[in-house]
Number of protein chains: 4
Amino acid sequence: MPRPRSDDKRAAIMAAATRIIAAQGLGAATAAIAKEAGVSNGSLFTYFDTKADLLNQLYLELKGEMGAAALGGLRATDERAQMLHMWSRWMDWATANPQKRRTLAQLQVSDQITASTHESASHAMTGIGGILERSRANGPMRDAPAALVFTLCNALAEATIDYIIGDPDHADAHKQAGFDALWRMIG
Amino acid sequence: MPRPRSDDKRAAIMAAATRIIAAQGLGAATAAIAKEAGVSNGSLFTYFDTKADLLNQLYLELKGEMGAAALGGLRATDERAQMLHMWSRWMDWATANPQKRRTLAQLQVSDQITASTHESASHAMTGIGGILERSRANGPMRDAPAALVFTLCNALAEATIDYIIGDPDHADAHKQAGFDALWRMIG
Amino acid sequence: MPRPRSDDKRAAIMAAATRIIAAQGLGAATAAIAKEAGVSNGSLFTYFDTKADLLNQLYLELKGEMGAAALGGLRATDERAQMLHMWSRWMDWATANPQKRRTLAQLQVSDQITASTHESASHAMTGIGGILERSRANGPMRDAPAALVFTLCNALAEATIDYIIGDPDHADAHKQAGFDALWRMIG
Amino acid sequence: MPRPRSDDKRAAIMAAATRIIAAQGLGAATAAIAKEAGVSNGSLFTYFDTKADLLNQLYLELKGEMGAAALGGLRATDERAQMLHMWSRWMDWATANPQKRRTLAQLQVSDQITASTHESASHAMTGIGGILERSRANGPMRDAPAALVFTLCNALAEATIDYIIGDPDHADAHKQAGFDALWRMIG
DNA sequence: AATGAATGAGGCTTCATTCAT
DNA sequence: AATGAATGAAGCCTCATTCAT
């Protein structure tokens, strides 16, 4: 299958998938996604070989977007400030894009996502990982495996986001509380 | 008097569902579950009204079992010791029952699980919550919302478990590292 | 299968079947009928070998009851008076027992009812047939085949009943109009 | 431009349904209908949303065809001649299309047919109703409700058809006998 | 390339009937 | 005899994917 031309259409399908999956879960029919994208049933399969393929690419894209959002506007300050900045951006992106967040969460645990996709996705987090490494370099977790620290940090972020989404009126307070907890953990 | 409804059979179906879902995901066919349970296709539906019903009950059971495991053998010592004991038990259960853990994780994010089921399930965590409350009573998070603290703690546990499962050779070290992180966060 | 003893239970099942089929159609589950009869699932099959068997017996019973109702209280008067009396009783039974009527109508067209059952049922109509024969003996249809006359008469009755049920406030007028039409046809 | 939805295929499904239902009753499986139509299992559902939908459309079509058949070739003569012509056509259609007739009869009493479908179908009978109205305008049923008259007439027709189908060798005689009875009733 | 009809393999669930108790 | 659990064959419908146009 040759690379089809219209990137717009591809993007439309991705966006539609995000919306539909957020609403209906991963069981959503490809036909529903195509319709939401304003594209025909069959066209979807000229852009993605397979439903699983679509899912994997969507995962990569969302994860990448999230990572980029977290890292945007970073300036050269001390570790704590950088970390806080990143944390804040991360929370902001998640609360501003609840559908993307929700879909991403579903994809994360889906068995349709390949191991290799998971690995690629982790690259999107490299930047975050770097900051994290520097942040913990002199803290109590300095000797723990990097991946464990990263996993813990990620879990904290996800939990905080979940909590914020459930109680958006106190978003800032929760955001701060989450960060403080994080920093106590690693800083 | 007819053949009475057998608790064994119900349990067999639950166990089979755990195994099959761990292997195939929530999309697993009821027929596959029935077969694995050594029960006929239709019998499954005399024990559970619906596939969703089975899933909800399974969620409740697994969550309950996990909560009970975490709380078993608790003795009246200081908070840190209690918390550590609980943490340890929790990790042990999870690593000893990877399929249950995996299935539980899938159920947790499934949109088939009712809000009311989620609520019931949270009761299984009450005991854990109590210890957690006492543990943080004099710590840095003493003023944070209980639910947020709980969410963070849970996330830390899940992340640690995930990590342990991925690298079981150093289970004890990771378990300890996770707990230290937790304690720094709340203790 | 030996004839089971409790005629009460048999009757209860019949009555339940009448009610359930009136409400749900012939597709009604045997389990639903059993439940309505206050009898267990499996008991139904000690009274009737098969669902089709139940249906056939029910057909026979309802048809017989209807025939008997039509013929009750007949006195030796002239043909027209007898016919009118019968017609009136027939309509009355049908309007007083709408569920039986409705179920009977469904059974009449069902392909589950055997040819031999249909034949047996026709015996229940023998009495009616006799009166009909005498009524038409000197009328315009005196030379038509008896069965055709009977069929036409029956159709007229059914149609009139249908109409009465749909507009019960003018039952008597419709009853009379139907009879007059009948008498013009055969009398 | 995709393969357009084929009217032929739709018609084939309708025809197949007529045949299969005539033979097996309304319980016939959609798969059987699809197979008889030479169409895939799932294709049936691109032409009809639901089995009930198919049934309703089939009812409409058959009823319409029957009504049209009855009214074909009508000329401006007196009422009795028109009525006879119509009656004759009606009988002819029914005897020439026994499967359609049989299926139509099943549908007529099925609870799958919507009230609104029944109403639409009655429009197909409007023409017949008109002739009937003129026919009875000076007869003994001139003051009876139109619907009742129609119901009776219809019942007579159905009964006559049933009888003819059961004894096709004397079709013409029965046809005439039925009509004479009708005319005595209303003319 | 785009469209949407066509395909047919399953999936969930129902149900008549049988069977252990 | 009575009960209701057990069985497994269908049945309706959905859906990813293919294909004719």
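Letters A, B, ... are given to chains in the order of the sequence lines, protein chains preceding strands, and every chain is numbered from 1. Since the model is a prediction, treat every value here as computed from it, not as a measurement.
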Stepwise, does the side chain to side chain contact (heavy atoms under 4.5 Å, CB included) test hold for C:Ile113 with C:Gln108?
CA-CA 7 Å; C:Ile113 302 299; C:Gln108 206 116 23; over 6 Å; no
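- No side-chain heavy atom of B:Ser110 sits under 4.5 Å from any side-chain heavy atom of B:Tyr59.
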Write out a two-atom table: protein N or O, nucleotide N or O from nucleotides 7-11 of chain E, distance below 3.5 Å.
| from | atom 1 | to | atom 2 | distance (Å) |
| --- | --- | --- | --- | --- |
| E:dT7 | OP2 | D:Ser40 | N | 3.1 |
| E:dT7 | OP2 | D:Ser40 | OG | 3.4 |
| E:dT7 | OP2 | D:Ser43 | OG | 3.0 |
| E:dG8 | N7 | D:Gly42 | N | 3.2 |

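- Taking atom CZ of residue B:Arg3 and atom C1' of nucleotide F:dG4, one finds them 9 Å apart after rounding to whole Å.
- Between the CZ atom of A:Phe48 and the C1' atom of F:dT18 there is a distance of 18 Å, given to the nearest Å.
- Following rounding to the nearest Å, C:Leu55 (CG) and E:dT17 (C1') show an atom-to-atom distance of 15 Å.
- Remark: P of F:dA5 and NZ of C:Lys35 are 12 Å apart, rounded to the nearest angstrom.
- Counting heavy atoms from C-beta outward, D:Asp49 and D:Leu54 have side chains that stay 4.5 Å or more apart.
- Between B:Val109 and A:Gln106, every side-chain heavy-atom pair lies at or beyond the 4.5 Å cut-off.
- Annotation: side chain of B:Gln112 is not in contact with side chain of B:Leu26 (no heavy-atom distance under 4.5 Å).
- Between B:Ser6 and D:Phe45, it is B:Ser6 whose nearest contact on DNA chain F lies nearer the 5' terminus.
- Using a 4.0 Å heavy-atom cutoff across all strands shown, C:Thr50 reaches sugar-phosphate atoms only and no base atom.
- Put simply, the side chain of C:Leu62 does not reach to within 4.5 Å of the side chain of C:Asn97, judged on heavy atoms.
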Evaluate the criterion salt bridge (charged side-chain N to carboxylate O under 4.0 Å, His left out) for residue pair C:Glu61 and C:Arg10; output intermediate values, then yes/no.
CA-CA 12 Å; C:Glu61 182 151 309; C:Arg10 205 193 98 99; 3.5 Å; yes
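- Within the 4.5 Å cutoff, side-chain heavy atoms of C:Asp111 are placed close to those of D:Arg102.
- For the pair A:Ile20 CD1 and F:dA16 P, the interatomic distance rounds to 12 Å; values are reported in whole Å.
- The distance from atom CD of D:Gln112 to atom C1' of F:dC12 is 11 Å, rounded to the nearest whole Å.
- In terms of position on DNA chain E, the residue among C:Ala52 and D:Pro4 whose nearest nucleotide sits closer to the 5' end is D:Pro4.
- Whole-Å rounding puts the B:Asp8 CG to F:dA6 C1' distance at 15 Å.
- Within 4.0 Å of B:Tyr47, counting heavy atoms only, lie sugar-phosphate atoms of the nucleic acid but no base atom.
- Of the side-chain N and O atoms in B:Arg5, one or more sit less than 4.0 angstrom from OP1 or OP2 of F:dA5.
- In this structure, C:Asp49 places its CG atom 13 Å from P of F:dA1, rounding to the nearest Å.
- Within the 4.5 Å cutoff, the side chain of D:Leu104 has no heavy atoms near those of the D:Lys100 side chain.
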Can you give the dot-bracket line for DNA chain F, using ( ) for pairs inside the strand, [ ] for pairs that cross earlier ones, | for pairs with another strand and . for unpaired bases, where Watson-Crick and G-U count if both distances are under 3.5 Å?
.||||||||||||||||||||
